[in-house]
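Read the structure below first, then the notes.
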Amino acid sequence: MSPSPVPANTHRVTRPPGALVIDIAGVTKLYKMGAEIIHALRGVSLEIRRNEYLAIMGPSGSGKSTLMNMLGCLDTPTDGRYMFNGKNVAHMEDDELADIRNREIGFVFQTFNLLPRSTALANVELPLIYAGLPAHARRERAAQTLHDVGLGERMLHKPNELSGGQRQRVAIARALVNSPSIILADEPTGNLDSKTGVEIMALFEQLYEDGNTIIVVTHEEDIARHARRIVRLRDGLIESDAPAV
Amino acid sequence: MKRLIYELSESVRIAFAQIRANKLRSALTALGVIIGIVAVTLMGTAISGIDTGFQNSLNMLGDDILYVQKWPWHDVEDWWNYVGRPPITPELATPLNAIIAQTPNSLLEIAVPVAGRGTTAKFNENKVSNVITFGTSADYSRILNVEIQEGRLFNETEDASGRRVCVLGYDIAEALFQGRSALGQQVLLNDQPFLVIGVLAKQGSFLGLMSFDNQAVVPLEAFRKSFGTRRGAELRVKMKDKNKLEEAREELIGAMRRVRAQLPGERDNFSINEQGAIKAQLDPIKSAIAMAGLFITGLSLFVGAIGIMNITFVSVKERTKEIGTRKALGARRRTILLQFLVEAVSICLIGGVVGLLLTYGMVLGVGAAFPSFPADFSIGLVFLSVAVSVVVGIVSGFAPAWGASRLDPVVALRYE
């Protein structure tokens, strides 16, 4: 992603931050790798509010992935506090975390992670299935969301019949479909060519302006620059937390 | 509950999509179950068929008839205690019937003397050997447990006068007269001429060994004149109520001891036999064969189950990343568990149903080819094998499905 892809930088909108969504204080995470103990996070504190567009950056080994897993409620901290929308998720059971992920978090993965044998529509319906929505309601909502990301015409195509950019749009629709509190994107343009990457980042910009809260995890400055706030990690600690310029 | 049904129906949908996507693999896995189910149900069919045939055979002996004979029907170690017994003669029937008539509320109805001997029956050029000829009284009609298809049994006058008349078993009449009526014809039994006055309906064979349709029944006097009675005879005693077998047997023993004028303390010098004794003797053998048969065929079902377990493990491994994604999107443990369990059970059920259909076809085929083989395809067998298929699916799918449900989403998502 070499040349800066965002001419929008100059006249972009910044929405006023809303209520506190994520409140992390003094979070640590230890891994045991055989006899060795790895301190992936050494005491991280972070507040993320509604309507924020945040980038989390850091070189590999900085604890970036661990923090993302924690924010996404895929993992729980070894120690520290994690409040999500006022609920303490630090000590939740697997199934409670699954419900939080289902309702509150929309994941966008670097490798899209679509079910290969299912249509775009069926893929987008998936979170609604886990939410227990009846078939007709979820079909309607999934179709509407696909339409919103510009894939209304390709709903019944399977992933291998779609381009990379289209696949990532399906994945974004899937993340949006349950109206989550945050969208959590992990290197969302990592598997895309730069032109498509620009399109996807433009979509994120639009989603942000529509009122979504977005967290992008990346190691690319060009991608991070799209966000309004950049958090940098190094060695399991927050190195800096500042508005994007 | 509603939630569970919803998840189940979604799991079924996912499972069938998965099976469709991996047609060959699913078919091969199901084949293992098909073979297992076919083996087990065929064995079950054969066992229950043999059982039915066995019961039919026993019923030919009459479930309300006690046999008074010199030898018991079970094996004896101390044969010397039996060999010296006086023979049972047809004449014993008269005093025995007198005692039965005198006994108030007797549980016995009547005693009928029957003497028997193997011989050859001839009509013109046609000849049937190993015909069992019974000499008996006109009371035979009261203990006869087969219809008279044509004609009649001999009456008391023919009985008393020793007329040479006979009633033929179905197979003999068929063999000698080949579809024409046997009535009024003269057949030769042991080279003595007998007038055919009746033909018995078809009964089938006893344990596949000896045919009851291979008999000829003649008046006792005529039997005596043509064959002699040196070989002794038996008394067939009809009970009034077959549910009071033990009491009837006790009464009969008492009556026979009086007829034989046996002293108290003396051992019975006759045996009372009935079909239950044969059953009691053969039942353990029968169930041992059934157990062994089901166990051995059950092994093939076990192999099928291992196939299911194997393929479910492979499926879980292959879809580790998918499991991670599903968990990230909010799938709970139970949802993942159900998904793989339903997939395993579905393959088993498909295998079970196909196996059942195959078995049904084979049973029909065998039935058409060998009408005498008592194959028995029951509705119970259908439910049983469907239940077995489901259980096999659950048991063999559980370990891999459990493993899938416990996967750490972080680890699963990183899996390539």
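Numbered from 1 within each chain, the chains take letters A, B, ... in sequence-line order.
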Starting at [atom1] of [X], measure out to [atom2] of [Y] and round the result to the nearest 0.5 Å.
X	Y	atom1	atom2	answer
Lys327(B)	Phe107(A)	NZ	CZ	13.0 Å
Asp408(B)	Asp75(A)	CG	CG	6.0 Å
Thr335(B)	Asn102(A)	OG1	CG	9.5 Å
Gln18(B)	Arg117(A)	CD	CZ	6.0 Å

Please determine whether the number of non-hydrogen atoms from other residues, nucleotides or ligands lying under 6.0 Å from atom [atom1] of [X] exceeds 12.
X	atom1	result
Glu96(A)	CD	yes
Lys321(B)	NZ	yes
Arg234(A)	CZ	no
Phe302(B)	CZ	no
Glu161(A)	CD	yes

Please look at [X] and chain B and tell me whether the side chain, the backbone, both or neither of the residue comes under 4.5 angstrom of a heavy atom of that chain.
X	value
Leu115(A)	side chain
Ser118(A)	neither
Arg174(A)	side chain
Leu128(A)	backbone
Ile129(A)	both
Ala131(A)	backbone

Heavy-atom closest pair, residues Ala331(B) and Ala98(A):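 Closest heavy-atom pair between Ala331(B) and Ala98(A): O-CB, 3.7 Å.
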
Least distance between heavy atoms, Leu329(B) atom then Tyr130(A) atom: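 It is O-CD1, 3.9 Å.
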
Winner by heavy-atom pair count (cut-off under 4.5 Å) against chain A, out of Ala328(B), Ala17(B), Pro409(B):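 Result: the option with the highest number of such pairs is Ala328(B).
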
Side chain Tyr6(B), main chain Leu133(A), donor-acceptor under 3.5 Å: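 At least one qualifying donor-acceptor pair exists.
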
Donor-acceptor contact present, side-chain Asn69(A) to main-chain Val410(B), <3.5 Å: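 No.
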
Cationic N near anionic O, under 4.0 Å, Arg332(B) to Asp94(A):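 Judged by the 4.0 Å cut-off on N to carboxylate O distance, Arg332(B) and Asp94(A) do not form a salt bridge.
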
Residue Arg333(B) versus chain A: region with a heavy atom under 4.5 Å: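 Both parts, heavy atoms under 4.5 Å.
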
Toward chain A, the part of Arg326(B) with a non-hydrogen atom under 4.5 Å: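 Answer is both: backbone and side chain atoms of Arg326(B) are under 4.5 Å from chain A.
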
Heavy-atom check, side chain of Asn113(A) versus side chain of Leu413(B), under 4.5 Å: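 Side chain of Asn113(A) against side chain of Leu413(B), heavy atoms only: contact under 4.5 Å found.
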
